[in-house]
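What follows is a short report on a single structure.
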2 protein chains.
Amino acid sequence: MRRAQATPGDSQTERGLRELRSRIVAGHWLANTKLREVPLAESLGLSRTPLRAALLQLEQEGLLQRQGGGYIVRSFSFEDALLAIELRGVMEGTAVRMAAERRLGSKQLVPIQETIHQIDELLRDDCVDQYGELNNRFHDQLCSLAGNTFIKQEVERANRLPFAAPSAFSSSEDDLSRFRTTLIVGQQHHHALVQAISRGEGSRAEALAREHAHLSKTNIEVAYRDRAEKHGEFPQLALVSAQVG
Amino acid sequence: MRRAQATPGDSQTERGLRELRSRIVAGHWLANTKLREVPLAESLGLSRTPLRAALLQLEQEGLLQRQGGGYIVRSFSFEDALLAIELRGVMEGTAVRMAAERRLGSKQLVPIQETIHQIDELLRDDCVDQYGELNNRFHDQLCSLAGNTFIKQEVERANRLPFAAPSAFSSSEDDLSRFRTTLIVGQQHHHALVQAISRGEGSRAEALAREHAHLSKTNIEVAYRDRAEKHGEFPQLALVSAQVG
DNA sequence: CTTGCCGCTAATGTATACAAATATGTGGTA
DNA sequence: TACCACATATTTGTATACATTAGCGGCAAG
C-alpha cells in the first residue's frame, strides 16, 4: 500500500500559510499594517524561509500587497468587496454557460440534484446550520460541470477573498426573516440553474448565476450598514475598511 | 532628488523570474518536464532561495505546476488555450461593461481615442509592425476605464498566458490577406467598443469584447492547424501540446 | 528655524549548510 | 521469476549566517 501523501498539508510552509491567512481574514492586523518577517516568524514558530513562501502565496491571493520591500496587509474598500462578488458572479456565470453548452446527459446532473434536494430538506425543516456547507458543495459541483479544470481554478480564485465566497454571509444574520427569504430565493436560483444547464440554456444559466451573486451583494450591503449603525460584528467584513468611499 | 527605485526589477529573484519565464514560454522544456532546483539555480546563476521565490511566482502565473514536491512545466491542451482566450474575453467584457455603466465623460475617452486614431493610421499606411504594441496599449487603456484596480488586475491575470494575450497572434501570420482582414475587423471592434462605452451601452460593450476575443480564437486555430500541416513555427504555441485532444 | 547630508540601525535579500523525505536500486526470499 | 524490504542517493524542506539596502534620526550649515 502506498504511504499517505507526502506531508499532507503538514509542512512548515503550509502551516504558516493557513495560520497567517486565518489571522489576516480575522482582522488580526489593521489594513496597511506592515508585516515584519522576523517577529512574524517567531510568532508563527517557524523560520523566515517557509514564512516568505507563505507571504508570497498570500500576495498572490490578494490578501497582502508588496510595499517597497516587505508586505502590508491589503485594504479593501466597500466597493472592492462588491466588485469581488460581481466578479464571482461573472466567473460562475461563465462556468455554467459552458456547462450548458456542453449538453450534459441527465446522469451527470444527478450528484448536484442530490445536493439541491438536501438543501430543500434543510429549508423545509428550517435547520439552517448546515446551509453554508451544502451551499459551498453546490457551487463546487456547479463549476465542475464546466468540464475543465481551467475554469474551475479561476472560479475558485474568485471565491478566495473572505467576503466573496458563496456562503460568506449565509449565517449570523440579525434579521432572521430577511435571511430566510434570501435562502428561499437563492435555492430557487439553484433549481433554475440546474434546469437551465440540463436544457442547454447557456445564456439563461449565465444570467442566473450573476443574479445569484447579487443576493450576496445585498447581504454584504446589509451587513455593512448594520456594522456602521449597530456596531454589529461581521468577521467576513474584517478586511473591509469602515469608512465610506 | 530621489534615488532610483529600490532594486528596479534588478534583484536575483526578479532576474531569475524573467529569465525563467521567458525560457518556459519559449518552449525551452517539454511539457511535464520536472525542474530540478540545483541545476536550474546554477544555470540561472543564482542560489536556490531566490529561485524558489521565482518558481512559486510562476506556479501562481500558471506556467508551472506542483507535482509531489518540485515543479513541472505545465502542459496546455489546445482546448485550454481556447478557454484562456474565452476567459480573457469574459474578463475584458466585464471591464468594458463596468466602464459603460460608469457613464464616463467624453474627456476621459480622449486618450483611448487617440490610440484608436494611431491604429487607423497604421492600417491606412499598411505598416503593421507596431500593431501589437498599440493594440496592447488599447486593451490596457480599455480595462483602465473600468475605474477600479481590482478588475484591471484580474484582466491582466487573464492576459498572462502567452497564447491568451490580446496581441498574441498579431504578427507572423502566413496568410497575409487573412491577417489584414482580421486587423480591419478588430479595429472596427475597437471603434464600436469605445462608442458603446461612451453611450453607456454596457451590454453591447460586453458582447463586443467577447466577440473581439473570438478573433484571437480564430487566429490560434489557424496557427494550430498550420503548425500541424505545414510544420510552421509559432512561438506562442510552444506551450500548447501538439496532439489533438 | 529649516534643510540637506551623513551615518547608524533595522529590515529584507541572498547564500549555504543541514535535515527530512522520497525515489531508486539491489539483494534476498517465496 | 516476481515481489518485498532495506539501504542508499538524490532532491526538496528548513534554518541560519551573512550581505545589502532602505528608512530614520541627528547634526551641522545656511
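Fair warning: this is a prediction, and the values are worked out from it, not measured in the lab.
Donor-acceptor pairing under 3.5 Å is recorded for the side chains of B:S216 and B:R88.
The CZ-C1' distance, from B:R15 to C:dT14, rounds to 12 Å in whole Å. A:Q67 has its CD atom 12 Å from the P atom of C:dT12, to the nearest Å. When the P atom of D:dT11 is taken as reference, atom CG of B:L51 falls 14 Å away, rounded to whole Å. What separates CD of A:E14 from P of D:dG13 is a distance of 10 Å, to the nearest Å. Rounded to whole angstrom, the span from the CG atom of A:L55 across to the C1' atom of D:dT14 amounts to 15 Å. In this structure, the CZ atom of A:R48 is 14 Å from the P atom of D:dC18, given to the nearest Å. When the P atom of C:dT12 is taken as reference, atom CZ of A:R52 falls 8 Å away, rounded to whole Å. Residue B:Q12 contributes atom CD, which lies 11 Å from atom P of C:dT16 at whole-angstrom precision.
Within the structure, ring-ring contact (aromatic ring centres under 6.0 Å, His included) pairs that include any residue of residues 11-42 of chain B do not occur (at least two apart or interchain).
A sub-4.0 Å separation between OP1 or OP2 of D:dT14 and a side-chain N or O of A:T13 is present. Note on B:R66: a side-chain N or O is less than 4.0 Å away from OP1 or OP2 of D:dG13. Between A:T49 and the phosphate of D:dT14, there is no side-chain N or O to OP1/OP2 separation shorter than 4.0 Å.
The ring-ring contact (aromatic ring centres under 6.0 Å, His included) check on A:Y131 picks up nothing, with sequence neighbours excluded. Applying the ring-ring contact (aromatic ring centres under 6.0 Å, His included) test to A:F150 and every residue at least two apart in sequence or in another chain returns nothing. Under the salt bridge (charged side-chain N to carboxylate O under 4.0 Å, His left out) criterion, A:E101 pairs with A:R97, not counting sequence neighbours.
The aromatic rings of A:Y224 and A:F78 lie parallel to each other, their planes meeting at an angle below 30°, with 60° marking the opposite boundary.
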Mind listing the side-chain donor-acceptor pairs of residues 55-65 of chain A below 3.5 Å, one per line with the distance, residues two or more places apart or on another chain?
residue: A:Q57; atom: OE1; partner: B:Q60; partner atom: NE2; Å: 3.4
residue: A:E61; atom: OE1; partner: A:R21; partner atom: NE; Å: 3.0
residue: A:E61; atom: OE2; partner: A:R21; partner atom: NH2; Å: 2.7

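For the contact set between residues 33-44 of chain A and DNA chain C, defined by any heavy atom under 4.0 Å, the members are A:L35, A:R36, A:E37.
Where B:Y71 and A:P50 meet DNA chain D, the nucleotide closest to each residue was compared, and B:Y71 sits on the side nearer the 5' end.
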